[in-house]
Peer 1: 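Pasting a structure here, questions to come.
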Amino acid sequence: MAVNHIFRFPSVIRFIFVNIPANAKWAQNGVTVAGGKGEGDATNQLNWPYGLFVDDDQTVVIADRYNHRIMQWKNGDTTNGQVVAGGNGEGNGLNQLNGPRGVVIDKETNSLIICDRGNQRVVRWSRRSGTTQGEILIDNIYCWGLAMDEQRYLYVSDARKQEVRRYQLGEMNGTLVAAGNGQGGGLNQLNRPTYLFVDRDHSVYVSDWNNHRVMKWVEDSKEGIVVAGGQGNVNAPTQLNHPHGIFVDTLGTLYVVDEFNHRVMRWTQGDKKQGTVIVGGNGYGAGANQLKYPRGLSFDRYGNLYVADYNNHRVQRFSIE
């Protein structure tokens, strides 16, 4: 089937920057806002949730990996979510997804941009009622993380090519913005890039999963900067163990999911040697103060923290204090 790759972003997501005080703290006991009813495919369940995105009204949109769907949970309704993309079984039809990893909201066109990883494509799916299928934006890409900036560019990490590309109106191949020099641990390399964040200066932050570090690529640079981790993969404050979801606030503070240490860490700007644990870090488990191989990370406009608690099949919200 021929695919038209040319796509347009006439007006994309309103780029929201979150102001979080430098001394902010979060409740150590999380509240389950989606799932938490065991592994399954009912509307009150999740099956290994990955990436997530929080809308202006605190609606949470979740890549529900092994249910091959995108779920939406509205603020205050923790009983049941709504299938807003996929949910028609694993497959490569335009009405199907295969192990989605990431999702962002295109506000102005009221649609979702989805990393449909198992199908090696990025798709767009309208949020309007009655939508039954999506459209292919990019294919033949081993995508993982997605991000958008305020100038209507889409950024996508490719875990096979070990690179990040930026896409704009009409482009089929995109522009290389990070790495692309093969798999490795050099400053111009990545080893399984996963989640992304793009700041106001168009610097790209990348979770460099197998290198146990977060890298920052300043716009047009040929090498990245290690901004967190890179000191081995145990659980010291200087270390990360397979980082995933990342977020950067208006102060330049980096927040990162430290997957194998079952915690979320914070690195303040200028302090690249040591981070602090802000939630989790109490061993892996299903307690309110625990996480179990967490994946995605997001904040709402108030500074509340949301974490895709992968092995607990739930999304936890940690309220800012």
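The first residue in the sequence is number 1, and the count goes up from there. As the structure is a prediction and not an experimental result, all values here were calculated from the model.
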Peer 1: Do K107 and D55 touch side chain to side chain, with heavy atoms closer than 4.5 Å?
Peer 2: yes
Peer 1: Transitively linked via ILVMFWY side-chain contacts under 4.5 Å: Y284 with V277?
Peer 2: no
Peer 1: Can a donor-acceptor pair be found, under 3.5 Å and without considering hydrogens, that links the side chain of N241 to the backbone of N233?
Peer 2: yes
Peer 1: Is a donor on one side and an acceptor on the other found under 3.5 Å between the side chain of Q162 and the backbone of R192?
Peer 2: yes
Peer 1: Looking at W48, does the NZ or CZ of R65 lie under 6.0 angstrom from its six-membered ring centre and within 45 degrees of the ring axis?
Peer 2: no
Peer 1: Hey, is the main chain of T79 close enough, under 3.5 Å, to the side chain of N44 for a donor-acceptor pair?
Peer 2: no
Peer 1: Can you tell me how far CG of N261 sits from CG of L240, rounded to the nearest 0.5 angstrom?
Peer 2: 8.0 Å
Peer 1: Just how far is it from atom OG of S111 to atom CZ of R128, taken to the nearest 0.5 Å?
Peer 2: 7.5 Å
Peer 1: How long is the straight-line distance from OH of Y293 back to NE2 of H262, given to the nearest 0.5 Å?
Peer 2: 4.5 Å
Peer 1: Just by distance, do the side chain of S157 and the backbone of T194 share a donor-acceptor pair under 3.5 Å?
Peer 2: yes
Peer 1: Do I225 and V248 land in one hydrophobic cluster if side-chain heavy atoms of ILVMFWY residues count as linked below 4.5 Å?
Peer 2: yes
Peer 1: Are the side chain of N88 and the backbone of N95 linked by a donor-acceptor contact shorter than 3.5 Å?
Peer 2: yes
Peer 1: Examine the side chains of S203 and E219 and answer whether a donor and an acceptor come within less than 3.5 Å of each other.
Peer 2: no
Peer 1: Testing D309, T32, N29 for side-chain hydrogen bond (donor to acceptor under 3.5 Å, both in side chains) with Q316, which one passes?
Peer 2: T32
Peer 1: When F299 is tested against each of F318, F197, F53, F247 for ring-ring contact (aromatic ring centres under 6.0 Å, His included), which residue passes?
Peer 2: F247
Peer 1: Do any N or O atoms from the side chain of Q28 and from the backbone of I278 form a donor-acceptor pair under 3.5 angstrom?
Peer 2: yes
Peer 1: Are more than 12 heavy atoms, taken from residues, nucleotides or ligands other than F260, located less than 6.0 Å from that residue's CZ atom?
Peer 2: yes
Peer 1: With rounding to the nearest 0.5 angstrom, report the CG to CG distance, N282 to N289.
Peer 2: 4.5 Å
Peer 1: Report the distance from atom CZ of R213 to atom CG of L187, rounding to the nearest 0.5 Å.
Peer 2: 6.5 Å
Peer 1: Is it true that atom OH of Y66 has more than 12 heavy atoms of other residues, nucleotides or ligands lying nearer than 6.0 Å?
Peer 2: no
Peer 1: Give a yes or no on whether the backbone of Q231 and the side-chain of Q239 come within a donor-acceptor separation of less than 3.5 Å.
Peer 2: yes
Peer 1: Hey, does I105 have a side-chain heavy atom less than 4.5 Å from the side chain of L112?
Peer 2: yes
Peer 1: So is R117 actually on top of Y142's ring, under 6.0 Å and inside 45° of the axis?
Peer 2: yes
Peer 1: Please check: side-chain N/O of R314 versus main-chain N/O of A286, any donor-acceptor pairing under 3.5 Å?
Peer 2: yes
Peer 1: Please report the interatomic distance CD1(I320) to NZ(K25), rounded to the nearest 0.5 Å.
Peer 2: 12.0 Å
Peer 1: Any side-chain donor paired with an acceptor under 3.5 Å for N19 and T250?
Peer 2: yes
Peer 1: Any ion pair linking D57 and K74 (charged N to carboxylate O, less than 4.0 Å)?
Peer 2: no
Peer 1: Is a side-chain N or O of R124 found less than 3.5 angstrom from the main chain of D106, in a donor-acceptor match?
Peer 2: no
Peer 1: Check the side chains of R317 and Q58 for a donor-acceptor pair under 3.5 angstrom, ignoring hydrogens and angles.
Peer 2: no
Peer 1: If only atom types and distance count, is the side chain of S221 paired as donor or acceptor with the main-chain N or O of E223 below 3.5 Å?
Peer 2: yes
Peer 1: Do the non-hydrogen side-chain atoms of I20 and W26 ever get within less than 4.5 Å of each other?
Peer 2: yes
Peer 1: Sequence neighbours left out, what passes salt bridge (Lys or Arg N to Asp or Glu O under 4.0 Å) with D158? Give chain and number order.
Peer 2: none
